[in-house]
Protein chains: 2
Amino acid sequence: MSETQKQAMTIAKECFAVRLRKLNRVVSAIYEDSFRPFGLTIAQFNLLIAIGARGQASPTQLVHSLSLEKSTVSRNIEKMKKKGWVSLVSATDKRSHLLTLTPSGDAILEIATPAWTFAQEKAAKTLGPLSSIIGDISLS
Amino acid sequence: MSETQKQAMTIAKECFAVRLRKLNRVVSAIYEDSFRPFGLTIAQFNLLIAIGARGQASPTQLVHSLSLEKSTVSRNIEKMKKKGWVSLVSATDKRSHLLTLTPSGDAILEIATPAWTFAQEKAAKTLGPLSSIIGDISLS
DNA sequence: TTATATTTGTTGTATATGCAACTTTATGAG
DNA sequence: CTCATAAAGTTGCATATACAACAAATATAA
């Protein structure tokens, strides 16, 4: 066996990114499957609850809260505005603006909640012991 | 405070997908930053080591090993072929084919390994106690 | 106050990802 | 053997994501 192959085997086994990315795909797919009937994606759901939890939020707040790039937030919010789930609120700083859930946004959240609960329980089984500490890691 | 807002706060705090996706973005960014000087992405690196660890591998094996969709593997491998890191080996089943690392593929793996080690150590700090059990979860 | 720097979003470009539909090849049931 | 089914990849289409460059507005320094 080549040295490169031995090294690759070591990295494949130890690499956090390999493992975490795979875990992310598997778990995200559980939620995607659950939300699909509602025309809702997990990324959009994340934004919906981030806004909903605050009542209103600026894109910059969402960037920090979810560790997303500002352009990603910009484009995903754009899609959600077109679906009528999110709308603008006037802000003092004219560079920025505040986002809030429309009644339709509230409604989709209500409708999707049982699907979320189902996915959450399924994900807990997949995550096993990881589920009890995954919420404790501090992310800048 | 509205009922929707209370519910959103609960979900935002408890949802595994929100947390795991954020963690994935933060940790993946550590590796992306580290690999960027070599024109290598973390997704490509994952495929390189998955092939390298086996010596040779079919796309279907990569699909199962990394829980990726076959079309994703198809397109990412295509990019890596164009970069000269991966090449084909003849296979018995004419539907399929086997992939292997070229000398150039071995070389990029060698070159990127110190960058991987640096990222791995940085990621360990971010993951904290998660790092010790993240490799133990069984993923189908 | 004015010039500079910072903050906030948007847009161009690129990679990563998944679903559905399709083609080719192999397998299995009769 | 023949036909139906399954397996393996590719391609069309859509979403998610990030970096770089940009524009507009605000804040800061001189």
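Below, read A as the first sequence line, B as the second, and so on, with proteins coming before strands; counting in each chain starts at 1. Just so it is clear, the values below take in all heavy atoms, side chains as well, and ignore hydrogens, waters and symmetry mates. As the structure is a computational prediction, the values presented were derived from the model and not from experiment.
Taking for each of A:S71 and A:E32 the nucleotide of DNA chain D with the nearest heavy atom, the 5'-most of the two is the partner of A:E32.
Closest non-hydrogen pair, B:R54 versus A:Q5, comes out as C-NE2, 3.5 Å. In terms of heavy-atom proximity, B:L62 sits nearest to B:A50 at CD2-CB, 3.7 Å.
Judged by distance alone, the side chain of A:K83 and the main-chain N or O of A:G39 form a donor-acceptor pair under 3.5 Å. Between the A:T102 side chain and the A:G84 main chain, a donor and an acceptor come within less than 3.5 Å of each other. Looking at B:S58, its side chain never comes within 3.5 Å of a backbone N or O of B:H97 through a donor-acceptor pair. Side-chain atoms of B:T100 never come within 3.5 Å of backbone atoms of B:Q56 as a donor-acceptor pair (strictly under, hydrogens ignored). Not a single donor-acceptor pair under 3.5 Å links the side chain of A:R21 to the backbone N or O of B:L66. At least one donor-acceptor pair closer than 3.5 Å links the side chain of A:Q120 to the backbone N or O of B:F16.
Residue B:R75 places none of its side-chain N or O atoms closer than 4.0 Å to OP1 or OP2 of C:dT15. Contact annotation: B:N76 does not reach the phosphate of C:dT15 (side-chain N/O to OP1 or OP2, under 4.0 Å). The phosphate of C:dC19 (OP1 or OP2) has a side-chain N or O of A:R36 nearer than 4.0 angstrom.
Within 4.0 Å (heavy atoms only), B:T72 reaches at least one base atom of the nucleic acid. Contact annotation for A:K94: backbone-only contact, meaning every heavy-atom pair under 4.0 Å involves sugar-phosphate atoms and none involves a base.
Within residues 37-63 of chain B, the residues that have a heavy atom under 4.0 Å from DNA chain D are, in order of number, B:S58, B:P59, B:T60.
Look at CE on B:M80: it is 13 Å from C1' on C:dA16, rounded to the nearest Å. Whole-Å rounding puts the A:K70 NZ to C:dT6 P distance at 13 Å. Going from atom OH of A:Y31 over to atom P of C:dG18 covers 17 Å, rounded to whole Å. Following rounding to the nearest Å, A:R21 (CZ) and C:dA16 (C1') show an atom-to-atom distance of 7 Å. Separating the NZ atom of A:K79 from the C1' atom of C:dG9 is a distance of 16 Å, rounded to the nearest angstrom. Distance CG (B:L68) to C1' (C:dA16): 9 Å, rounded to an integer number of Å.
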Dot-bracket for DNA chain D, 5' to 3', with Watson-Crick and G-U pairs under 3.5 Å, [ ] for crossing pairs and | for other-strand pairs: what is it? ||||||||||||||||||||||||||||||
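You can see that DNA chain D meets the heavy atoms of chain A within a 4.0 Å-exclusive cut from D:dT15 to D:dT26, reading 5' to 3'.
Aromatic ring centres of A:F45 and A:Y31 lie farther apart than the 6.0 Å criterion allows.
A donor and an acceptor atom sit less than 3.5 Å apart, one in the side chain of A:R95 and one in the base of C:dT7.
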Apply side-chain contact (heavy atoms from CB on, under 4.5 Å) to residues B:T60 and B:K70 and explain how you reach the verdict. CA-CA 7 Å; B:T60 293; B:K70 57 188 178 174; over 6 Å; no
Verdict with supporting geometry, A:T72 and A:V63, side-chain contact (heavy atoms from CB on, under 4.5 Å): CA-CA 9 Å; A:T72 300; A:V63 160; over 6 Å; no
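Here B:R75 does not pair with B:E78 in a salt bridge; the nearest charged N to carboxylate O distance is not below 4.0 Å.
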